[in-house]
Amino acid sequence: MADESIFSKIIRKEIPAEIVYQDDLVTAFRDIHPLAPTHILIVPNKEIATVNDTTEADEAALGRMFTVAAKIARQEGVAESGYRLIVNCGKHGGQEVMHIHMHLLGGKALGPMLSRK
Ligand code: 5GP
């Protein structure tokens, strides 16, 4: 598929990434340009472009993303100190890769969610 996302290739292990978790519905791997000591992307194995493209049929995978986030947070040792989950959508949301992904960021105090400046 010519217009397939880079994340689909990572899920199928056709291009390298440090995969930290994978099951029948989701895959999680370290972000190539980490913005925090822990920066992991959790993605549905099915390629869904944006949150706007989700349907009820995707609810199992989308729900799994949260339970896997909690599992990985424990695995990474950030569950107690806390972490942030971010899903960007579209242009104003700053989404760069058109395959839904949840950022799990932690390992330091992340400050306010958005700058007030
Ligand atoms: P977005 O801005 O779409 O929410 O975030 C996309 C994220 O994907 C960015 O944090 C970026 O560093 C990460 N990313 C883009 N291409 C790759 C890649 O090929 N491998 C990995 N591991 N991360 C990637």
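Side chains included, hydrogens not; waters and symmetry mates left out as well; all remaining heavy atoms used. Counting starts at 1 for both ligands and their atoms, in listed order. Residues: numbered from 1 along the sequence shown. A quick note: this is a predicted structure, and the numbers were derived from the prediction, not measured.
Scanning the protein for heavy atoms near atom 1 (P) of ligand 1, the closest one is H101 NE2, 3.1 Å. Looking at atom 19 (O) of ligand 1, its nearest protein heavy atom turns out to be I6 CG1, 3.7 Å. The shortest contact between atom 22 (N) of ligand 1 and any protein heavy atom is with R30 O, 2.9 Å.
Listed by atom number, the atoms of ligand 1 under 4.0 Å from Q95 heavy atoms are 3 (O). Atoms of ligand 1 found under 4.0 Å from any heavy atom of E96 (numbered from 1 in listed order, with element): 1 (P), 2 (O), 3 (O). Here is the list of ligand 1 atoms found below 4.0 Å of a heavy atom in I10: 20 (N). Counting atoms of ligand 1 from 1 in the listed order, those under 4.0 Å from a heavy atom of H103 are 1 (P), 4 (O), 5 (O), 7 (C), 10 (O).
Using 4.0 Å as the threshold, E18 has no heavy atom nearer than that to any atom of ligand 1.
The N/O atoms of F7, backbone and side chain alike, include none that comes under 3.5 Å of an N/O atom in ligand 1. Any N or O atom pair closer than 3.5 Å counts here, and G94 shares at least one such pair with ligand 1. For a threshold of 3.5 Å applied to N or O pairs, the pair formed by H39 and ligand 1 contains no separation below that value. Close N/O approach between I32 and ligand 1 is found [any backbone or side-chain N/O within under 3.5 Å].
Contact annotation: the side chain of K13 approaches that of I19 to within less than 4.5 Å [non-hydrogen atoms, C-beta and beyond]. For the pair L110 and Y83, the minimum side-chain heavy-atom distance is 4.5 Å or more. Here the side chains of L85 and F66 are in contact, with some heavy-atom distance below 4.5 Å. H99 places a side-chain heavy atom less than 4.5 Å from the side chain of P44. Taking the side chain as every heavy atom from C-beta outward, I100 and M65 approach each other to under 4.5 Å. Counting heavy atoms from C-beta outward, N45 and D24 have side chains that stay 4.5 Å or more apart.
Annotation for E14: atom CD counts as buried by contact number, over 12 foreign heavy atoms lying within 6.0 Å.
Residue-level proximity to ligand 1 for N88 is carried by the side chain, the only part with a heavy atom below 4.0 angstrom. At a 4.0 Å heavy-atom cut-off, ligand 1 does not touch I86 at all. Neither the backbone nor the side chain of I15 has a heavy atom within less than 4.0 Å of ligand 1.
Nearest residue to atom 7 (C) of ligand 1 from V97, T50, D31 is D31 (criterion: closest heavy atom).
Ring geometry for H103 versus H39: interplanar angle of 30 to 60°, hence tilted.
Remark: the backbone N or O of V97 is paired with a side-chain donor or acceptor of Q95 at under 3.5 angstrom. No side-chain donor-acceptor contact under 3.5 Å links E4 to the backbone of K9.
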